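A quick note: this is a predicted structure, and the numbers were derived from the prediction, not measured.
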Amino acid sequence: QVQLVESGGGLVQPGGSLRLSCAASGRTFSSRAMGWFRQVPGKERDFVAAISWSGSSTDYADSVKGRFTISRDNAKNTVFLQMDSLKSEDTAVYYCAARPGGYRYSSNRPAGYDYWGQGTQVTVSS
(Lines give C-alpha, C1' and ligand atoms only; values in the text may rest on other atoms or scores of the structure.)
Protein backbone atom coordinates (compact mmCIF):
# COMPACT_ATOMS: atom_id res chain seq x y z
CA GLN A 1 0.00 0.00 0.00
CA VAL A 2 1.08 3.53 -0.76
CA GLN A 3 -0.44 6.63 0.76
CA LEU A 4 0.04 9.97 -0.97
CA VAL A 5 -0.49 13.39 0.60
CA GLU A 6 -0.34 16.53 -1.53
CA SER A 7 0.36 20.03 -0.26
CA GLY A 8 1.23 23.45 -1.59
CA GLY A 9 -1.93 24.43 -3.41
CA GLY A 10 -3.59 27.80 -3.02
CA LEU A 11 -4.60 31.04 -4.69
CA VAL A 12 -2.09 32.77 -6.95
CA GLN A 13 -2.28 35.61 -9.45
CA PRO A 14 -1.74 34.99 -13.17
CA GLY A 15 1.97 34.86 -13.90
CA GLY A 16 2.76 33.66 -10.42
CA SER A 17 4.29 30.43 -9.15
CA LEU A 18 3.40 27.57 -6.83
CA ARG A 19 5.26 24.45 -5.79
CA LEU A 20 3.24 21.34 -5.06
CA SER A 21 4.63 18.53 -2.95
CA CYS A 22 3.49 14.93 -2.65
CA ALA A 23 4.74 12.89 0.30
CA ALA A 24 4.52 9.13 -0.10
CA SER A 25 4.47 6.42 2.53
CA GLY A 26 6.01 3.00 2.07
CA ARG A 27 9.42 1.59 1.20
CA THR A 28 8.84 1.12 -2.52
CA PHE A 29 8.63 4.76 -3.54
CA SER A 30 11.95 4.72 -5.38
CA SER A 31 10.87 1.77 -7.57
CA ARG A 32 7.81 3.56 -8.96
CA ALA A 33 7.22 6.21 -11.56
CA MET A 34 5.08 9.09 -10.30
CA GLY A 35 2.69 11.48 -11.97
CA TRP A 36 0.62 14.61 -11.53
CA PHE A 37 -2.88 15.00 -12.96
CA ARG A 38 -5.49 17.73 -12.66
CA GLN A 39 -9.25 17.90 -12.84
CA VAL A 40 -11.91 20.60 -13.07
CA PRO A 41 -15.57 19.95 -12.20
CA GLY A 42 -17.44 18.13 -14.90
CA LYS A 43 -14.33 17.14 -16.84
CA GLU A 44 -12.03 14.15 -16.98
CA ARG A 45 -8.81 13.95 -15.06
CA ASP A 46 -6.01 15.23 -17.30
CA PHE A 47 -2.34 14.35 -17.39
CA VAL A 48 0.05 17.10 -16.33
CA ALA A 49 3.50 15.59 -15.80
CA ALA A 50 5.26 12.35 -14.89
CA ILE A 51 8.71 11.22 -13.81
CA SER A 52 10.54 7.92 -13.92
CA TRP A 53 11.75 6.05 -10.85
CA SER A 54 15.20 7.65 -10.94
CA GLY A 55 14.13 11.07 -12.12
CA SER A 56 16.14 10.75 -15.32
CA SER A 57 13.07 10.76 -17.56
CA THR A 58 10.19 13.23 -17.48
CA ASP A 59 7.07 13.80 -19.56
CA TYR A 60 4.75 16.80 -19.78
CA ALA A 61 1.42 17.72 -21.26
CA ASP A 62 1.82 20.18 -24.12
CA SER A 63 -0.18 22.77 -22.20
CA VAL A 64 2.41 22.97 -19.40
CA LYS A 65 5.70 22.37 -21.22
CA GLY A 66 8.22 25.08 -20.45
CA ARG A 67 6.22 26.30 -17.44
CA PHE A 68 6.00 23.30 -15.09
CA THR A 69 8.82 21.12 -13.77
CA ILE A 70 8.42 17.75 -12.08
CA SER A 71 11.14 16.39 -9.80
CA ARG A 72 11.56 13.86 -7.02
CA ASP A 73 13.65 13.23 -3.93
CA ASN A 74 13.77 9.48 -3.32
CA ALA A 75 15.56 9.93 0.00
CA LYS A 76 12.53 11.86 1.25
CA ASN A 77 9.84 9.88 -0.60
CA THR A 78 8.59 13.09 -2.16
CA VAL A 79 7.69 14.28 -5.64
CA PHE A 80 7.34 17.93 -6.57
CA LEU A 81 5.62 20.00 -9.21
CA GLN A 82 7.06 23.48 -9.71
CA MET A 83 4.50 25.60 -11.55
CA ASP A 84 5.61 28.91 -13.05
CA SER A 85 3.92 31.45 -15.30
CA LEU A 86 0.57 30.23 -14.10
CA LYS A 87 -2.54 30.94 -16.16
CA SER A 88 -6.19 31.01 -15.26
CA GLU A 89 -6.69 27.80 -17.24
CA ASP A 90 -4.35 26.01 -14.82
CA THR A 91 -7.04 26.30 -12.14
CA ALA A 92 -7.95 22.78 -11.04
CA VAL A 93 -7.60 20.20 -8.31
CA TYR A 94 -4.15 18.65 -8.68
CA TYR A 95 -3.61 14.98 -7.86
CA CYS A 96 -0.42 13.08 -7.23
CA ALA A 97 -0.38 9.45 -8.41
CA ALA A 98 1.91 6.43 -8.07
CA ARG A 99 2.36 3.63 -10.58
CA PRO A 100 2.29 -0.01 -9.41
CA GLY A 101 5.42 -1.27 -7.66
CA GLY A 102 8.19 -2.02 -10.14
CA TYR A 103 6.70 0.14 -12.92
CA ARG A 104 9.70 2.40 -13.26
CA TYR A 105 8.66 4.44 -16.26
CA SER A 106 5.83 6.91 -16.52
CA SER A 107 2.43 6.81 -18.13
CA ASN A 108 0.23 9.69 -19.24
CA ARG A 109 -3.00 7.78 -18.60
CA PRO A 110 -4.84 7.78 -15.25
CA ALA A 111 -5.40 4.03 -15.66
CA GLY A 112 -1.63 3.56 -15.46
CA TYR A 113 -1.59 4.57 -11.80
CA ASP A 114 -2.69 2.55 -8.80
CA TYR A 115 -2.56 5.06 -5.97
CA TRP A 116 -3.89 8.61 -5.71
CA GLY A 117 -3.68 11.43 -3.25
CA GLN A 118 -6.67 13.41 -2.02
CA GLY A 119 -5.89 16.37 -4.26
CA THR A 120 -4.94 19.99 -3.65
CA GLN A 121 -6.78 22.99 -5.10
CA VAL A 122 -4.87 25.44 -7.28
CA THR A 123 -6.68 28.62 -8.20
CA VAL A 124 -5.14 31.16 -10.56
CA SER A 125 -7.04 34.42 -10.43
CA SER A 126 -6.51 38.13 -10.05
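- Between the side chain of Asn77 and the backbone N or O of Ser30 there is no donor-acceptor pair closer than 3.5 Å.
- Listed for the Gln3 side chain is no donor-acceptor partner under 3.5 Å among the backbone atoms of Ser25.
- The environment of CD in Gln1 is sparse: at most 12 heavy-atom neighbours from other residues, nucleotides or ligands sit within 6.0 Å.
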List the steps and the verdict of side-chain contact (heavy atoms from CB on, under 4.5 Å) for Glu6 and Trp36.
CA-CA 10 Å; Glu6 302 101 333; Trp36 286 97; 3.9 Å; yes
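- Annotation: cation-pi geometry not satisfied between Arg32 and Tyr103 (NZ/CZ under 6.0 angstrom from ring centroid, within 45° of ring axis).
- Remark: Arg104 CZ to Ser57 OG distance equals 13.5 Å, nearest 0.5 Å.
- Leu81 has its side chain out of reach of Leu18: every pair of non-hydrogen atoms, C-beta onward, lies at least 4.5 Å apart.
- Minimum interatomic distance between Leu4 and Ala24 (heavy atoms only, all atoms of both residues): CD2-CB, 3.6 Å.
- Separating the CZ atom in Arg38 from the CD atom in Glu44 is a distance of 14.0 Å, to the nearest 0.5 Å.
- Hydrophobic clustering, with ILVMFWY side chains joined whenever heavy atoms are under 4.5 angstrom apart, groups Ile70 together with Val64.
- Annotation: side chain of Cys96 is not in contact with side chain of Tyr115 (no heavy-atom distance under 4.5 Å).
- Other residues, nucleotides and ligands contribute over 12 non-hydrogen atoms within 6.0 Å of the CD atom of Gln121.
- Side-chain contact between Phe47 and Pro110 is absent, with no heavy atoms from C-beta onward closer than 4.5 Å.
- Arg99 forms a cation-pi arrangement with Tyr113, by the criterion of a distance under 6.0 Å to the ring centre and an angle within 45° of the ring axis.
- To the nearest 0.5 Å, the span separating CZ on Phe80 from CE on Met34 amounts to 11.0 Å.
- Side-chain contact check for Val122 versus Asp90: every heavy-atom pair is 4.5 Å or farther apart.
- One finds the OG atom of Ser63 at 7.5 Å from the CG atom of Asp46 (value rounded to the nearest 0.5 Å).
- The shortest distance between side-chain heavy atoms of Ser71 and Gln82 does not fall below 4.5 Å.
- Val2 and Phe29 end up in the same hydrophobic cluster when Ile, Leu, Val, Met, Phe, Trp and Tyr side chains are linked at under 4.5 Å.
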Under the side-chain contact (heavy atoms from CB on, under 4.5 Å) rule, what do Ser31 and Trp53 come out as? Steps first, then yes or no, please.
CA-CA 5 Å; Ser31 71; Trp53 66 285; 5.8 Å; no
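- Defined by atom type and a distance below 3.5 Å, a donor-acceptor pair is missing between the side-chain atoms of Asp59 and Ser106.
- Summarising the geometry of Leu86 relative to Arg67, their closest heavy-atom pair is CA-NH1, 3.9 Å, with the distance given to 0.1 Å.
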Check step by step if side chain to side chain donor-acceptor pair (under 3.5 Å) holds for Thr78 and Asp73.
CA-CA 5 Å; Thr78 304; Asp73 184 341; over 6 Å; no
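- Using modelled atom types, no side-chain atom of Thr123 and backbone atom of Leu11 make a donor-acceptor pair closer than 3.5 Å.
- Taking the side chain as every heavy atom from C-beta outward, Phe68 and Val48 approach each other to under 4.5 Å.
- Side-chain atoms of Gln13 never come within 3.5 Å of backbone atoms of Ser126 as a donor-acceptor pair (strictly under, hydrogens ignored).
- The shortest side-chain heavy-atom distance between Thr91 and Val40 does not fall under the 4.5 Å cut-off.
- The two residues Gly112 and Ser107 have their closest heavy-atom pair at CA-OG, 4.1 Å.
- Both Trp116 and Val93 are assigned to one and the same hydrophobic cluster, defined by single-linkage of ILVMFWY side chains at heavy-atom distances under 4.5 Å.
- Put simply, CE on Met83 and CZ on Arg19 are 11.5 Å apart, with the number rounded to the nearest 0.5 Å.
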Apply the test ring pair (Phe, Tyr, Trp, His ring centres under 6.0 Å) to residues Phe37 and Tyr95: give CA-CA distance (whole Å), side-chain angles for both, the deciding distance (0.1 Å), then the verdict.
CA-CA 5 Å; Phe37 290 77; Tyr95 295 92; 8.9 Å; no
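- Atom CD of residue Gln118 and atom OG of residue Ser7 lie 8.5 Å apart, to the nearest 0.5 angstrom.
- Taking 4.0 Å as the cut-off between side-chain N and carboxylate O, Lys65 and Asp62 count as a salt-bridged pair.
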